[in-house]
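Note sheet for the following structure.
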Amino acid sequence: MKKENSLVKEVIEDFKARQLARKNFETAWQINMNFLMGNQYCSVGYGGSVEEADKQFFWQEREVFNHIAPIYDIRCAKLAKNKPEFSVVPATDDERDRQACKVSKKILNSVYYKLNMDEKINQAIKWSEVCGTSFYKVSWNASQGQLIATDDENREIRSGEVEVEVCSPFEIFPDDPTHENIEDCQSIIHARAYSVEQIEKLYGVKVDGERMNCYSLNSVAKGLGGLGYNATATKLIESEKDNCALVLERYSRPTVDFPNGRLVIIAGQTLVYDGELPYACGNDGKRDFPFIKQSSIEQTGCFWGGSVIERLVPVQRAYNAVKNRKHEYINRLTLGVLSVEDGSIDLDDLEEEGLAPGKVLVYRQGASEPHYLSGENIPSGFADEEEKLLDEFNKISGVSDKFGSDFARTNISGTSLELMISEDESRLNISAQSIKAASTSIARKILRLYKQFALFPRLARIVGDNGQIELFYFSSNDISSDDVMVDLTGDNAQTMVQKRELIFELLKAGVLSDEEGKVQPTMKVKILDMLGMGNWESAQDISQLHIKKAEKENLKLLDGVNVKVSEIDEHQLHISSHIAFMLGGDYESIKTKNPQLEELFMAHIKAHKRASKMEE
């Protein structure tokens with residue numbers, strides 16, 4: 001018991017130290033979030049807290065002209081186009097490894113569809129764009145999946161499923177903020193507040209609840225508006241939740257004392273788990289952290305990424321100041337400033353009613369009549385500074401208004417337009433590459449977790465672009481490679497339009513045709529798939545089914561089964577599939593042990609050729 005209490009105290013003190021080391025970063029994230037939501041008259045006060053300033057004068061213009069929000073929306077929309085497309089590289093050239101790669105790709109497509117990964121990626125992009133960094137947590141949930149059996153207490157035993165969560169940067173605490181990557185960290189703490197009911201459901205322990213501070217939104221911000229009106233803006237505030245407890249998960253890398261790493265989980269003041277790292281999701285089957293980092297802008301020598309909003313905050317402050325001072329100048333020109341001799345008129349009446357149209361102004365005999373002070377036109381410096389600041393918004397953010405309505409009316413060639421679009425998109429390339437790297441890591445961890453936990457055959461399904469559903473079984477033995485390649489569909493060089501144009505050019509040049517100038521059925525299947533039409537026509541459906549049937553026949557022939565040729569077979573597709581299999585390394589290695597194998601394959605191929613000639 002003493003040992004447990006000592007461990008709990010050590011982890012909590014470690015967490016508080018990391019929390020203190022990250023305080024300045026948290027303050028910057030709060031400023032970014034406030035500016036994004038429109039609360040732009042806040043700053044860092046004493047002790048690192050975010051404070052708001054009120055108006056200095058009742059007539060002061062304190063309106064918000066938010067250019068950060070649309071820039072944020074544009075960046076998120078452009079980055080959200082970068083959806084991952086997976087391809088798995090086989091471990092060897094053997095046919096079995098190629099088939100395993102196809103299964104791995106199907107697994108990834110199934111998981112991404114089932115977990116709605118597009119929405120999770122969008123959520124991570126939003127966090128990384130506002131705070132600079134977001135995280136994915138890829139874990140195994142034993143309470144999910146298909147029902148296998150029930151135990152003696154009638155509790156359900158399920159097959160388990162991969163789970164992917166998006167974690168905000170407020171939840172992650174590295175051991176040192178100077179480490180640039182998760183791989184450099186020796187330990188990471190994941191901290192999250194749960195209700196006591198959730199903790200009991202997750203860990204089976206009862207803990208004492210308490211009031212905990214958390215961040216929430218409030219629709220009131222002080223001192224906004226202008227002369228004669230008030231305005232409000234949403235702001236980030238600290239609030240309290242009742243009956244909650246903090247759950248700390250400290251993941252540590254392998255050491256001499258803990259060769260498989262260590263995971264310590266503490267709920268409130270209670271130790272609920274102390275053991276090795278549960279997931280073999282690292283390279284070569286090693287135990288590793290389940291976290292993946294995604295950054296908007298990488299910062300050298302810092303664990304936390306940078307945000308474009310942080311760079312735009314000074315420009316936004318200056319823009320608000322210029323616009324408000326300009327409006328104050330306009331107020332003075334339109335309302336005017338009266339010069340009144342002391343004692344010549346009733347000042348109270350003048351202050352309450354002003355100089356309304358038709359008003360009779362009575363002033364003391366012999367005194368000077370009130371008059372407006374002469375004003376000047378609006379200085380041109382206001383407009384010049386405003387234009388410079390708008391241009392600075394575009395330069396810093398990497399997005400511009402060059403493709404707006406005014407630009408659309410100009411005469412410009414298609415080539416020049418394409419180059420300008422490419423240049424405009426290239427500013428987002430760093431953020432897009434981080435999404436690509438994170439998607440690759442997620443896919444690898446998913447395959448490694450299935451390799452570790454999917455010991456029994458599992459049923460999964462994938463849905464194609466045209467809505468076709470395919471069911472398939474797999475187990476850990478079907479996963480032989482986790483070398484995943486990711487292509488982002490939003491990349492400029494890989495857009496669907498450009499892909500189609502390239503395919504049509506290759507067709508015209510005859511590159512995709514055989515020696516007789518014909519496009520083989522197998523090539524038609526690939527071309528339709530590359531064009532994004534999937535199983536667009538029934539002929540393509542039948543072709544894919546024939547190819548799958550031929551692949552199953554290959555495995556039966558390897559086992560020495562004499563497979564008969566069917567009258568419904570598409571013989572050319574079958575012949576191509578059988579020959580491709582015989583040219584693989586897997587076939588060559590097996591053939592040396594079984595010399596009769598080649599005779600079996602050749603007899604089957606000749607039967608296809610005879611049947612093909614008879615049909616002609």
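Looking at N320 and R325, their side chains never bring a donor and an acceptor atom within 3.5 Å of each other. With 3.5 Å as the limit, one finds no donor-acceptor pair spanning the side chains of E63 and N324. Between the side chains of Q30 and N34, no donor-acceptor pair is found at a separation under 3.5 Å. There is no side-chain donor-acceptor pair under 3.5 Å between Q294 and S434. Side-chain polar atoms of E61 and H327 form no donor-acceptor pair below 3.5 angstrom. Inspection of the Y251 and E249 side chains reveals an N or O donor paired with an N or O acceptor under 3.5 Å. A donor-acceptor contact closer than 3.5 angstrom is absent between the side chains of S43 and R317. A donor-acceptor contact under 3.5 angstrom links the side chains of Q316 and Q40, judged on distance only.
Checked by atom type and distance alone, the side chain of K293 pairs as donor or acceptor with a backbone atom of F303 at under 3.5 Å. At least one donor-acceptor pair closer than 3.5 Å links the side chain of R22 to the backbone N or O of I172. Side-chain atoms of N66 come within 3.5 Å of backbone N or O of I68 as a donor-acceptor pair.
Heavy-atom minimum distance, S296 versus E129: OG-OE2, 2.9 Å. The two residues A80 and N122 have their closest heavy-atom pair at CB-OD1, 3.4 Å. A191 and L246 get closest at one heavy-atom pair: CB-CD1, 4.3 Å.
In this structure, F393 CZ and L389 CG are separated by 7.0 Å, a value rounded to the nearest 0.5 Å. Note that the CG atom of N260 and the CZ atom of R253 stand 13.5 Å from one another [nearest 0.5 Å]. To the nearest 0.5 Å, atom SG of residue C302 and atom CD1 of residue I297 are 12.5 Å apart. Atom CZ of residue R158 and atom OG of residue S143 lie 8.5 Å apart, to the nearest 0.5 angstrom. Taken from CD1 in I188 to CZ in F135, the straight-line distance is 7.0 Å, to the nearest 0.5 Å. Rounded to the nearest 0.5 angstrom, K126 NZ and S168 OG are separated by 14.5 Å.
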- request: Report the C-alpha distance between L108 and M117 in whole Å, list the side-chain angles of each, state the deciding distance to 0.1 Å, and finish with yes or no for side-chain contact (heavy atoms from CB on, under 4.5 Å).
  value: CA-CA 10 Å; L108 292 176; M117 282 302 300; over 6 Å; no

task: Check the pair R448 / N283 against side-chain contact (heavy atoms from CB on, under 4.5 Å), numbers first and verdict last.
output: CA-CA 9 Å; R448 289 166 183 171; N283 295 328; 3.0 Å; yes

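A salt bridge between R18 and D175 is absent, with no side-chain N of the basic residue lying under 4.0 Å from a carboxylate O of the acidic one.
Applying the 6.0 Å contact sphere to CD of E197 captures more than 12 heavy atoms from other residues, nucleotides or ligands. The neighbour count for I430 CD1, taken as heavy atoms of other residues, nucleotides or ligands under 6.0 Å away, does not exceed 12. The environment of D208 atom CG is sparse: at most 12 non-hydrogen atoms of other residues, nucleotides or ligands sit within 6.0 angstrom.
Looking at heavy atoms from C-beta onward, L312 lies out of side-chain contact with F35 at the 4.5 angstrom threshold.
Remark: aromatic rings of Y319 and H67 are close, center separation under 6.0 Å.
Residues satisfying the side chain to side chain contact (heavy atoms under 4.5 Å, CB included) criterion with E200, sequence neighbours excluded, are K206. When the side chain to side chain contact (heavy atoms under 4.5 Å, CB included) test is applied to K201, no partner is found at least two apart in sequence or on another chain.
Judged by the 6.0 Å distance and 45° axis criteria, R62 is positioned over the aromatic ring of Y41. A cation-pi arrangement is absent between K137 and F291, since the terminal nitrogen or guanidinium carbon is not both under 6.0 Å from the aromatic centre and inside a 45° cone about the axis. Judged by the 6.0 Å and 45° rule, R287 forms no cation-pi pair with Y279.
Between W140 and F453, the ring-plane angle classifies as parallel under the 30° and 60° cut-offs.
Judged as a side-chain hydrogen bond (donor to acceptor under 3.5 Å, both in side chains), not a single pair has a partner in residues 304-314 (not counting sequence neighbours).
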